[in-house]
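The structure appears below as structure tokens.
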There are 2 protein chains.
Amino acid sequence: MDDYERPLFFHLMEYASDAERDVVGMVSGNPDWEAPEALRDGLREYAGADVDDFQYPPSEGLRELREEIAARRGVDVERVIITNGAGEANYLAMACALKALDGEEILLTDPVYPYYHKRTEMLDATPQFVAANPDGTLDPDAVRAAASDDTAAIVINSPNNPTGGVYGRGTKRELVAIAEAHDALLVSDEVYDHFVYDDGAFASALAFDSERAVVTNAFSKSMAITGFRVGYAIVPEWLMDVVRTRHMLVNVAGSRPGQYAVLKALRETPAEYYERNRQLLDERIDAFCAALDEAGAEYTRPRGSFYVMARFDGYPGTLANTERLIDEAGVAGMPGDAFGESRADWLRFALVTPRADEAADRLAEFFS
Amino acid sequence: MDDYERPLFFHLMEYASDAERDVVGMVSGNPDWEAPEALRDGLREYAGADVDDFQYPPSEGLRELREEIAARRGVDVERVIITNGAGEANYLAMACALKALDGEEILLTDPVYPYYHKRTEMLDATPQFVAANPDGTLDPDAVRAAASDDTAAIVINSPNNPTGGVYGRGTKRELVAIAEAHDALLVSDEVYDHFVYDDGAFASALAFDSERAVVTNAFSKSMAITGFRVGYAIVPEWLMDVVRTRHMLVNVAGSRPGQYAVLKALRETPAEYYERNRQLLDERIDAFCAALDEAGAEYTRPRGSFYVMARFDGYPGTLANTERLIDEAGVAGMPGDAFGESRADWLRFALVTPRADEAADRLAEFFS
């Protein structure tokens with residue numbers, strides 16, 4: 001995996017902004033809602049801090065931030081490491097699974113979040129794909145059939161990007177058991193956990209207190225700050241040394257202004273902030289799906305995250321078709337084939353714009 | 001390299017702060033001088049930015065920051081990648097040399113900055129050490145003798161931590177030629193380039209415009225912001241794709257608040273800011289070395305960086321002796337043996353305190 005592929009979403013966002021016509025942007029997962037006010041206050045406070053506070057935080061992250069996370073997640077603070085977003089957390093978990101456990105294979109789902117796949121290749125591991133169900137959920141039997149003692153890690157994302165599927169408690173329990181049976185690591189990326197539209201559908205892998213589960217997460221989506229790069233991993237105690245050694249040797253430490261601001265926001269932001277954004281997304285999804293119905297598109301209403309995949313008859317999810325949709329319908333999405341073969345006929349739309357219903361109307365008109 | 005070693009400087013800083021007596025802290029390289037005012041202004045500005053500006057920066061870093069760096073360094077902007085401090089820049093250069101070039105060995109100096117050594121082990125490469133000269137400079141003939149077609153990278157640091165040595169233009173030219181001859185990558189960490197006390201002593205590896213040289217740097221020391229984690233690598237064009245792919249798959253992108261603040265500081269901070277800090281360090285070094293003379297210690301006056309290594313008769317640079325110095329002399333340094341065998345008799349003192357001369361007096365008294 002030596003060749004840099006300019007991220008596709010970047011190309012498409014540029015293509016959309018270069019278009020002659022007005023385009024509704026639904027390409028990337030960058031939130032468009034407001035960040036917590038306390039986060040902005042935190043940055044302002046930090047701007048006036050003593051120069052000592054501008055120096056290296058502990059490699060594992062600011063102690064108080066780790067404590068705040070540990071308390072909320074009900075784990076020992078020594079199991080929490082702050083990372084450069086969920087991206088680094090997933091990288092660390094995958095690399096350390098390959099280092100600390102037997103096996104050269106990493107189990108991924110199809111469709112897959114492309115970073116997982118490319119990271120697997122970068123780490124010289126063998127990706128093995130398990131097909132997700134049409135509604136985006138995952139059948140534990142399919143995972144069981146694919147897992148073996150060659151499996152070093154099973155990487156899952158629930159609520160899921162791109163399908164919107166949410167794996168329930170039963171599924172998570174079985175996935176944990178499969179990882180344990182094969183001495184593999186379940187890497188459970190839960191970055192969309194604040195965006196679940198179906199009460200009780202979501203369960204964290206933390207619930208099973210397994211020695212073979214790492215939970216990764218970030219404040220990127222829940223606080224609308226993908227650019228701050230503040231995430232974390234909750235790691236079983238025996239694996240912590242391997243994880244923090246790699247974190248230290250790759251990054252030394254994470255960036256302190258972001259950690260400081262997130263700490264203040266985490267302490268001071270009321271639950272209503274998160275609930276308001278969740279509702280906003282829920283409403284956008286409703287309106288968008290209603291318009292998809294009118295357009296005669298096939299889709300699954302997401303139970304979590306904020307992406308909708310749709311299939312339009314005779315219009316496969318290729319890059320060319322995605323560009324044509326920008327030019328002729330004024331709607332920018334992501335080609336489904338970026339997420340794997342199984343979604344080659346689909347398009348993904350990120351509901352990170354107040355104009356989602358307008359986009360849906362345009363789609364309805366274009367495909368009518 | 002699976003075992004986490006709690007960084008020694010962290011242990012010693014804690015030991016010093018737990019001591020019963022007053023201790024002058026000279027353990028870590030955390031600047032104690034003021035950060036640029038424009039940097040603080042940048043954070044304040046950013047705190048009020050549109051939420052769009054809180055989202056992912058380009059993976060390679062904010063374009064304007066890359067342009068500002070490219071203009072100052074006289075290179076094409078496409079060769080600049082913003083990293084999570086010089087730490088990530090060095091990690092990327094080392095990992096990508098092993099990936100893109102033949103060879104499993106990495107040439108390091110002795111004494112060595114411990115991160116280089118541990119990173120080499122993490123990357124499953126073989127470290128090979130070349131002894132530095134007593135004054136901290138490096139003899140190109142010694143490097144030539146150690147280099148072979150098994151060499152993937154030669155990692156150097158000038159101005160040097162811990163020795164204070166500065167490699168001149170002639171040395172750098174020869175090191176570049178050795179890297180080219182063996183199809184290896186010269187990784188030239190120049191993070192102390194603002195702290196040179198000997199006009200004309202320093203030359204950047206950029207001067208030789210080699211396809212086999214990567215220059216790494218950061219604003220950590222020059223702007224007194226080790227905790228912001230804003231650094232960069234200047235990479236030959238042919239290697240850029242490999243470097244940015246790894247950067248993207250490990251970290252996705254760097255943290256944006258820090259990049260924004262550094263950009264503003266880089267544009268608005270006058271040259272006097274850097275010169276004032278350089279002079280401050282120069283004066284501290286003078287005073288500290290004068291007191292070391294009185295104490296009868298052996299030392300080399302650093303020509304760059306801000307560390308002084310000293311040897312006291314019959315007092316080797318062990319952890320035990322470093323702790324004893326904290327307890328009995330009230331001065332906290334780093335044991336020389338942390339940097340390799342060759343400096344096992346030495347202690348390193350970081351001049352990041354206004355009380356450096358007081359520390360030197362205490363040492364003189366303790367060893368008299």
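Considering only heavy atoms from C-beta on, B:Val250 comes within 4.5 Å of A:Met122 through its side chain. A heavy-atom distance below 4.5 Å is found between the side chains of A:Lys99 and B:Asp124. Residues A:Val252 and B:Arg229 meet the side-chain proximity criterion, which asks for heavy atoms closer than 4.5 Å. With a 4.5 Å cut-off on side-chain heavy atoms, A:Leu249 and B:Glu121 do not count as touching.
By a heavy-atom distance cut of under 4.5 Å, A:Asn84, A:Gly87, A:Glu88 are the residues of residues 81-89 of chain A near chain B, going up by number. Interface residues of residues 216-223 of chain A toward chain B, defined by a heavy-atom distance below 4.5 Å and sorted by number: A:Lys221.
Here the side chain of A:Arg40 pairs a donor or acceptor atom with the backbone of B:Ala47 at under 3.5 angstrom.
Residue-environment remark: CD (A:Glu237) stays at or below the threshold of 12 foreign heavy atoms within 6.0 Å. Crowding of A:Glu78 atom CD: a count of heavy atoms from other residues, nucleotides or ligands under 6.0 Å exceeding 12. Counting heavy atoms of neighbouring residues, nucleotides and ligands inside a 6.0 Å radius, atom CD of A:Glu104 does not exceed 12 of them. Atom CG of B:Asp102 has 12 or fewer heavy atoms from other residues, nucleotides or ligands within 6.0 Å.
To the nearest 0.5 Å, atom OG of residue A:Ser59 and atom CZ of residue B:Phe10 are 9.5 Å apart. To the nearest 0.5 Å, atom CE of residue B:Met248 and atom CZ of residue A:Arg119 are 9.0 Å apart. Distance check, rounded to the nearest 0.5 Å: CG of B:Leu43 to CZ of A:Phe54 gives 6.0 Å.
Among residues two or more places apart in sequence or in another chain, the salt bridge (charged side-chain N to carboxylate O under 4.0 Å, His left out) test is passed with A:Asp52 by none. Scanning for side chain to side chain donor-acceptor pair (under 3.5 Å) contacts around A:Thr226 gives A:Asn30, B:Gln55, with sequence neighbours left out.
Across A:Arg256, A:Glu34, A:Arg246, the residue that shares the most heavy-atom pairs under 4.5 angstrom with chain B is A:Arg246. Of the listed residues (B:Ser28, B:Ala49, B:Pro57), the greatest number of heavy-atom pairs within a distance under 4.5 Å of chain A belongs to B:Ala49.
Only the backbone of A:Asp50 has a heavy atom closer than 4.5 Å to any heavy atom of chain B. Using a 4.5 Å cut-off between heavy atoms, B:Asn251 contacts chain A through both its backbone and its side chain. Contact annotation for A:Leu123: neither backbone nor side-chain heavy atoms come within less than 4.5 Å of a heavy atom of chain B.
Across all non-hydrogen atoms, the minimal contact from B:Phe228 to A:Ser255 is O-OG, 2.9 Å. The two residues A:Gly227 and B:Pro257 come nearest to each other via the heavy atoms O-CD, 4.0 Å.
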